[in-house]
Amino acid sequence: MTKHLLSLAAAIFFCNTLMAQSEGIEAGEGQVWWANYDLDSNVKFIDGTSIAEHYDAAVFIPQGLVTEGSATIDGFSFFPITEAADNVTVWVAPTLTDNSGQWLEAVSVSTERIKKNKFCDVAFTKQHAIPAGGLYVGVSFDIKDFSDNGALTPLCFTSSEANRKNSFFYKTTSKRAWNAIDGNAYVKILFGGAQFAKNAVSVKNFATSYVVKDESVSIPMELRNMGTNNVETITYTITTDGVASAETTKAVSIKGFQNLLTTTIDFPADDQTKVAEKVLTITKVNGQPNESENCVSRGKLVTLLEHYQAVPVVEAFMGTGYSTSPVAIVGLEKMKETYGDQAVLIAVHYDDVMAIDAYEPLRYSVSGISTSFLNRQYEVYPSPYFLKKDIGRELKRTVPAKISLQAMWDGYIENATEILLKSETTFSYDDDNADYGVAYVILADGLQGSGSQWEQSNTFSGKSGYGDDMNYWYSAPEKVGGMTYDNVAIAAKEIIGGMKLLDGKTIKAGETVSHRMNMRMVGNKLVQDKKKLSAVALLIDRSNNQIVNADKVVLSGEDTGIENSVIDEADNTVTARYDLSGRMIEKVQKGLNIIRMNNGKSLKIIR
């Protein structure tokens, strides 16, 4: 279902209204008002409901939503955005129904109480215990007109990663079936029948983080207010190897029961370059003992010897038959202009002439085509806006290792059949339980072809409103021929997990590990121009398949086997070196050099 997003100014107005203009009922002893919406999310409205007709809306409240013990529903608060409402009834029911005969209780609300942009609190006459199957709480009303309301609708919600799935439903006179909305209804519930904590904050575990020796790192922490009091301060300790730090107090602001806040906690580096288990314990809330049972956050902190530059990797999934793929095509084009060699950009094609079997295993890890992976840690919509923001963030990421790649053809470029690959990985910490792998990808620029299989489907033809970056595609036909495709993955090796890099699992800070392999290109129909190929090395954490770091080199140059690379003088595959006249030389010189390998092959390189 299509949804409209309110303007930022209006969204801020509504959020402020939520905080300042609720009126009616104060929570009593053993009660708490709970907001079903997300304070930090913009308000949205349901498209197609700006009609003067009858409306029914309901939210589902499962057992155990706000407390592990028993609880009751004592009241309901909704948010009218128009005063043109009549016959307003708030109700509670064991099933999703507009049949008043099946409601457990119904409370009529006078029109005088309906104030535009102010919550309307309604108390039930009795407490309704939430059974194992949950309860539905709703509001039914008639809208007379929208003259005071512009294009807005009477049903609003927020949408974020914290959505409660299958919890918000509505129906109208013209839409008689119940419709589920992927979002949180803009309502509040008055819960009772339980002993609610007053000063309580819960915290989730944190992801593995990295910090350079003698520095500190700010680690994001997701806090939830589990008490009836607003949270103004938290006090915490950090425990390492069984030794707790002194208490530290931090100012925060979490208003409302069960509302969330993402803040950061500073963790100092350890004295040694190692992996350490860290335990954050929130001991106090507002200066009082923390009443939450989930007050501990655990995670790993890796102290590094030195800082290595992160090279973000975007794997954008597309196909000529997928009409939304132009977004990914434009996204990669713009990122190449913006970041150049700072990021590795890979166009992964599926179900078309440029698709390769090597990338098939990754296909089912994403939600669909016309999306992208960033370091296989995040799924990112591949538009220039989102890619630029996320790549910029990842460039600042602290990484535990760096990888460098050398790549060359196995002979004269016109006769070469294999690409020789050598990667070197240097680690920045000590670990006895490391597990890394290396994967290789060959990329091609300038791919072209004739026939319908090379035509790009284009859903943006004749449209607008998706940003100026898509201007070409607005005026292009629904099938675009004469395309030139860049950054295309035409060959790959072990993209899931990579080839095991370590003999065991022990690594040392400053230690470099080498890896070699040959990639055979004979018979690869996507090799259209050997001078437009690049090689990529991906360093992969085999425990989660995430990309730790990467390197990319270009295989190009006039009749050269390698350009801007250096052959390792200690490489025992080199048996002799010659200059252009055929004279044997001790080391590679400036100009053209002939390198003979112990496998009988020769390389011609330019230094």
Side-chain angles (χ1 to χ4, degrees), residues 206-220 264 266-270 272-278 299-315 335 339-346 372-380 387-406 423-441 495-502 505-515 535-553:
F206 62 92
T208 298
S209 300
Y210 301 93
V211 59
V212 177
K213 196 174 180 180
D214 299 323
E215 297 180 5
S216 63
V217 60
S218 296
I219 298 180
T264 58
D266 290 338
F267 282 69
D270 290 318
Q272 297 178 317
T273 55
K274 64 176 184 177
V275 181
E277 299 282 348
K278 300 289 180 176
K300 294 180 180 179
L301 181 65
V302 183
T303 298
L304 306 177
L305 179 64
E306 59 182 306
H307 175 79
Y308 293 142
Q309 179 59 52
V311 179
V313 177
V314 176
E315 293 167 300
M335 292 309 97
Y339 292 111
D341 295 334
Q342 290 180 283
V344 172
L345 310 173
I346 303 175
S372 69
F373 267 153
L374 180 56
N375 294 330
R376 300 185 191 167
Q377 297 181 34
Y378 313 99
E379 190 168 325
V380 181
L387 287 178
K388 181 178 180 180
K389 179 181 67 173
D390 290 341
I391 290 174
R393 180 195 68 237
E394 289 299 293
L395 281 169
K396 301 174 184 178
R397 183 169 58 98
T398 302
V399 291
K402 64 179 179 181
I403 186 169
S404 61
L405 176 64
Q406 297 177 354
S423 64
E424 292 186 335
T425 301
T426 304
F427 298 98
S428 191
Y429 71 105
D430 301 335
D431 192 3
D432 292 328
N433 195 35
D435 193 9
Y436 290 95
V438 180
Y440 299 99
V441 184
I495 63 159
I496 301 294
M499 290 165 282
K500 190 171 178 59
L501 182 61
L502 307 172
K505 289 193 172 184
T506 300
I507 58 174
K508 297 293 183 183
E511 177 184 69
T512 298
V513 180
S514 298
H515 185 271
V536 174
L538 305 175
L539 179 63
I540 298 176
D541 183 341
R542 290 165 62 90
S543 69
N544 54 24
N545 196 41
Q546 293 180 0
I547 297 173
V548 177
N549 218 337
D551 192 24
K552 175 184 173 182
V553 295

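Being a predicted model, the structure only gives us computed values, none of them experimental.
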Using the rule given for side-chain contact (heavy atoms from CB on, under 4.5 Å), can you reason through L405 versus V536, listing the C-alpha separation, both sets of side-chain angles and the distance that settles it, and then say yes or no? CA-CA 7 Å; L405 176 64; V536 174; 5.5 Å; no
Is it true that a side-chain atom of [X] and a backbone atom of [Y] form a donor plus acceptor pair closer than 3.5 Å?
X: N549; Y: V311; value: yes
X: S428; Y: P400; value: no
X: D551; Y: K402; value: no
X: T303; Y: K213; value: no
X: D432; Y: T506; value: no
X: T398; Y: V211; value: no

Would you call D270 and K278 a salt bridge, taking side-chain N to carboxylate O under 4.0 Å as the test?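 Yes.
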Are any of the side-chain nitrogens in D431 or K505 under 4.0 Å away from the carboxylate oxygens of its partner?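 So D431 does not pair with K505 through a salt bridge.
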Please test F373 against E379 for side-chain contact (heavy atoms from CB on, under 4.5 Å), starting from the C-alpha separation and ending with a verdict. CA-CA 5 Å; F373 267 153; E379 190 168 325; 4.3 Å; yes
V314 pairs by side chain to side chain contact (heavy atoms under 4.5 Å, CB included) with which of I391, D390, I346, N375?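 Of I391, D390, I346, N375, side chain to side chain contact (heavy atoms under 4.5 Å, CB included) with V314 is met by I391 alone.
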Below 30° counts as parallel, above 60° as perpendicular, anything between as tilted: where do the rings of Y436 and F427 land?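 Judged by the thresholds at 30° and 60°, the geometry between Y436 and F427 is tilted.
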Would a 4.5 Å heavy-atom cut-off, applied to side chains only, mark S543 and D435 as touching?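 S543 does not reach D435 side chain to side chain.
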Any chance CD of Q272 has more than 12 other-residue heavy atoms, nucleotides or ligands included, within less than 6.0 Å?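 Count not over threshold, so no.
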D266, CG atom: more than 12 neighbouring heavy atoms under 6.0 Å: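 Above 12, so yes.
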With sequence neighbours excluded, residues passing salt bridge (charged side-chain N to carboxylate O under 4.0 Å, His left out) with K300: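 By the salt bridge (charged side-chain N to carboxylate O under 4.0 Å, His left out) rule, K300 matches no residue at all.
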Could you state the interatomic distance from CD1 (I495) to CD (E315), rounded to the nearest 0.5 Å?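 I495 atom CD1 to E315 atom CD measures 6.5 Å (nearest 0.5 Å).
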Supply the atom-to-atom distance Q377 CD to N544 CG, rounded to the nearest 0.5 angstrom.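 With rounding to 0.5 Å, CD (Q377) is 7.5 Å from CG (N544).
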